[in-house]
Amino acid sequence: MAIQRPKGTQDHLPDGSPKLSTDIRASAFRHVTETAQRVLERAGAQFISTPLFEEADLVKRGVGGSTDIVRKEMFTVYYFGDHGGFILRPEGTAGIVRAYLQNGLKQLPAPLKLWTHGPMFRAENVQKGRLRQFHQVDYEVLGSADALVDAEAVALMVDVVRELGLKNVWVKLGSIGDPDDREAYNAYLLDLFTPHLERLSDDSKERLTRNPMRILDSKSAEDQHLLTELKVRPMLDFLGTEAATHFGQVQGYLKAWNIDFDVDPSIVRGLDYYRRTAWELHHGGVGAKSALGGGGRYDGLAEQLGGSVVPGIGWAFGIERLLLALEAEGVSLPEPRGPLLYLAALDEENVPYAATLARKAQAGIRAEFAYRAMKPGSAFKDAERRGAVWAGLIGSEEAANGTLSLKNMQTGEQKVVETAELDDFIALSRL
RNA sequence: GUGGUUUUAGCUCAGUCGGUUAGAGCGCCGCUCUGUGGAAGCGGAGGUCGGGGGUUCAAAUCCCCUAAGCCACCCCA
């Protein structure tokens, strides 16, 4: 058996490949990133790109040492004789905030809207919608804590999936308040659950010490019974005045813009630097977990990374999951288009001539040519398989007359044109 | 990390009471068709039966190990 790709990775293949599904169509990926680019850059976002590997410390501080991602899902990068101090990035935010701090982007007009897309790496076991190398589109806004920024961020995330043609998506919106609020809530949960420790599932016993809020979205039936029985109050009840006002403003803007959302008290974020707005984007067709992506405000992150205080908010969605959702909804993606012109010579001595003509056409249109002399039948067959619109033949007669026999592969229409007219042909096609 | 399930040609799959050179359809290449594609007919190439080990006179088929795919738990995108 020849060498195979590593577990949990995918090849993104050209259209027409066997075994092709939507989520590995290279052109489908590009469709998503191009759509995101269009939507986000219309809103003033600028493209940024950061390394695929970063200092291990950045990832640990940026993602959180208590998370599964850091505890057991990191790909470590080794150099020769090196101890492995680098990590393949598991998400995009930490690297972007690091780049913002390191490169003095604070002096750009604030707030600064950035977007990127690219591969992320997590050493998890594989299932539907979950890979070890997956891809995200990522949007971050740095330098403002205004509720309008939050609302716009949520709205843009929805805009992207809407522009892609998805219908069956919904936003779960929540707020985790400010650090004091969350501290109070966790203390409340600890007090509430400790007397009933024995009734919690094993997972939730651990959650209670590490991150009590996680118990709220436990799938264990016993935990859910206990939650109902204890009448657990939601995080939203614990929001301080400022956080509550902020959350109210975000909701108000979204309603004014007709962005549908459900307030979901179970949206939680465990890490200290998360503040206030947190949300997830869901869809029914992406496997056991329905999240296409999520976002949140992280005003404490820049400081956590050793920089100054920079409020920030961002979101990311998984491109593979988005493609699964598009497939589930039967949204058609743009079909690949072949060359506008395909040129073939009928005898060896005219091959260079046909190639030169095609090269000239490539200045303005998509044009391909045959590398060897072809019989007319083979030439048309080849042209058809490549999806060409026009197939042009050059035999001895055409070469002598300076003409080209063109055939429209869809309509069958045929005509002889002067090669000098090729420029007009190209010009027309640009319209 | 755990569990279920799958793995035979480029693709989709047949093929177990273990038995000579492992099959089909589609695709690919060629010919019929030396200036006209999509059709049809004929022919051809292509397989260490995921890998390794074992049982047996004999293994795609039975046993063990292992890898990968799919799905689920956990968690996340």
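Below, chains carry the letters A, B, ... as their sequence lines are ordered, and counting in each starts from 1. All values reported here derive from a predicted model rather than from experimental measurement.
Using a 4.0 Å heavy-atom cutoff across all strands shown, Glu320(A) reaches no nucleic acid atom at all. Counting any heavy atom pair closer than 4.0 Å across all strands shown, Glu91(A) reaches no nucleic acid atom. Using a 4.0 Å heavy-atom criterion, one finds that Phe317(A) contacts no nucleic acid atom at all. Looking at heavy-atom distances under 4.0 Å, Gln10(A) makes no contact with the nucleic acid at all. Among the heavy atoms of the strands lying under 4.0 Å from Gly8(A) are primed sugar atoms or P, OP1, OP2 only; no base atom is included.
Between G15(B) and U6(B), the two P atoms lie 14 Å apart (nearest whole Å). C13(B) and U2(B) have their P atoms separated by 29 Å, with the value rounded to a whole Å. Comparing the same atom, P, in U20(B) and in A59(B) gives a spacing of 10 Å after rounding to whole Å. Comparing U34(B) with G47(B), their P atoms are spaced 31 Å from each other, to the whole Å. A gap of 10 Å separates the C1' atoms of G52(B) and A67(B), to the nearest Å. When the P atom is used for both U61(B) and G54(B), the distance is 14 Å, rounded to whole Å. Of the P atoms belonging to G41(B) and G35(B), the separation is 25 Å, rounded to the nearest Å. Rounded to a whole angstrom, the distance from the C1' atom of A14(B) to that of U8(B) is 10 Å.
Under 4.0 Å is where a charged nitrogen must lie from a carboxylate oxygen, and between Glu152(A) and Lys113(A) at least one such pair does. Between Arg42(A) and Glu163(A) a salt bridge is recorded (basic side-chain N to carboxylate O distance below 4.0 Å). Salt-bridge formation is not detected for the pair Asp150(A)/Arg276(A): no Lys NZ or Arg NE/NH1/NH2 atom is positioned less than 4.0 Å from an Asp or Glu carboxylate oxygen. Using a cutoff of 4.0 Å between basic side-chain nitrogens and carboxylate oxygens, Asp299(A) and Arg275(A) are not scored as salt-bridged.
With rounding to whole Å, Ile24(A) atom CD1 is found 11 Å from C11(B) atom P. Atom CD in Gln4(A) sits roughly 10 Å away from atom C1' in U7(B) (whole-Å rounding). As a whole-Å value, the separation of Leu322(A) CG from A77(B) P is 15 Å. Whole-Å rounding puts the Asp347(A) CG to U36(B) P distance at 15 Å. Atom NZ of Lys19(A) is separated from atom C1' of U7(B) by 10 Å (rounded to the nearest Å). Taking atom CE of Met74(A) as the reference point, atom C1' of G1(B) lies 16 Å away to the nearest angstrom. When rounded to the nearest whole Å, the span between CG of Asp382(A) and C1' of C28(B) equals 13 Å. Here the P atom of nucleotide C73(B) and the NZ atom of Lys128(A) are 13 Å apart, to the nearest Å.
When both pairing distances are held under 3.5 Å, U20(B) makes no Watson-Crick or G-U pair with any nucleotide shown. In this structure, U61(B) makes no Watson-Crick or G-U wobble pair, since no nucleotide meets both defining distances under 3.5 angstrom. Pair assignment for A14(B): none, as no Watson-Crick or G-U wobble contacts are both less than 3.5 Å. Nucleotide C49(B) forms no Watson-Crick or G-U wobble pair with any nucleotide shown, as no partner meets the under 3.5 Å limit on both distances. Searching all strands for a Watson-Crick or G-U wobble partner of A40(B) with both distances below 3.5 Å returns U32(B). Remark: A67(B) base-pairs with U7(B). Criterion, Watson-Crick or G-U wobble with two distances under 3.5 Å. With a cut-off of 3.5 Å on both pairing distances, the Watson-Crick or G-U wobble partner of U2(B) is A72(B).
Taking 4.0 angstrom as the limit, Arg130(A) places none of its side-chain polar atoms (N or O) nearer than this to OP1 or OP2 of C74(B). For Gln127(A) and C73(B), the shortest distance from a side-chain N or O to OP1 or OP2 is below 4.0 Å.
Remark on RNA chain B: of its neighbouring residues Leu292(A) and Leu346(A), the 5'-side contact belongs to Leu346(A), judged by nearest-heavy-atom nucleotide. Toward the 5′ end of RNA chain B lies the nearest nucleotide of Ile394(A), the other residue of the pair Ile394(A) and Gly293(A) mapping further downstream.
At distances below 3.5 Å, at least one donor-acceptor pair connects side-chain atoms of Asp181(A) with backbone N or O atoms of Asp178(A). Distance alone, capped at 3.5 Å, places no donor-acceptor pair between the Thr9(A) side chain and the Gln133(A) backbone. Between the side chain of Trp279(A) and the main chain of Val171(A), no donor-acceptor pair closer than 3.5 Å is present. Judged by distance alone, the side chain of Gln136(A) and the main-chain N or O of Glu91(A) form no donor-acceptor pair under 3.5 Å. The backbone N or O of Pro119(A) sits less than 3.5 Å from a side-chain atom of Arg89(A), completing a donor-acceptor pair. A donor-acceptor pair is defined here as one N or O able to donate and one able to accept, closer than 3.5 Å; such a pair exists between the side chain of Arg321(A) and the backbone of Ala291(A).
For Arg337(A), the side chain to side chain donor-acceptor pair (under 3.5 Å) test picks out no residue, with sequence neighbours left out.
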When you compare the protein's N or O atoms with those of nucleotides 2-4 of chain B, which come within less than 3.5 Å of each other, and at what distance?
from: U2(B); atom 1: O4; to: Asn125(A); atom 2: ND2; distance (Å): 2.6

Taking only N/O atoms, report every protein-nucleotides 37-42 of chain B pair under 3.5 Å with atom names and distance.
from: G37(B); atom 1: N7; to: Lys407(A); atom 2: NZ; distance (Å): 2.9
from: G37(B); atom 1: N1; to: Met409(A); atom 2: O; distance (Å): 2.6
from: G37(B); atom 1: N2; to: Met409(A); atom 2: O; distance (Å): 3.1

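Aromatic ring pairs are classed by plane angle as parallel below 30°, tilted from 30° to 60° and perpendicular above 60°; the pair His282(A) and Trp170(A) is parallel.
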Residues 13-22 of chain A side chain polar contacts: donor-acceptor under 3.5 Å, at least two apart:
from: Asp15(A); atom 1: OD1; to: Arg25(A); atom 2: NE; distance (Å): 2.6
from: Asp15(A); atom 1: OD1; to: Arg25(A); atom 2: NH2; distance (Å): 3.2
from: Asp15(A); atom 1: OD1; to: Ser27(A); atom 2: OG; distance (Å): 3.1
from: Asp15(A); atom 1: OD2; to: Ser27(A); atom 2: OG; distance (Å): 2.9
from: Ser17(A); atom 1: OG; to: Pro14(A); atom 2: O; distance (Å): 2.5
from: Ser21(A); atom 1: OG; to: Asp23(A); atom 2: OD1; distance (Å): 2.6
from: Thr22(A); atom 1: OG1; to: Glu327(A); atom 2: OE2; distance (Å): 3.0

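Not a single donor-acceptor pair, N or O on each side, falls under 3.5 Å between the base of G1(B) and the side chain of Glu124(A).
Checked against U12(B), A72(B), A77(B), the side chain of Gln136(A) finds its nearest nucleotide in A77(B). Closest approach to the Lys375(A) side chain among C31(B), G35(B), C73(B) is made by C31(B) (side chain taken as heavy atoms from C-beta onward). Comparing G35(B), C31(B), C11(B) against the side chain of Pro18(A) picks out C11(B) as the nearest.
Residues in residues 374-419 of chain A take part in these ring pair (Phe, Tyr, Trp, His ring centres under 6.0 Å) pairs, two or more places apart or across chains: Trp390(A)-Phe425(A).
Contacts with RNA chain B (heavy atom under 4.0 Å) in residues 42-61 of chain A: none are found.
Cation-pi contact between Arg233(A) and Tyr188(A): present, with separation from the ring centre below 6.0 Å and deviation from the ring axis of at most 45°.
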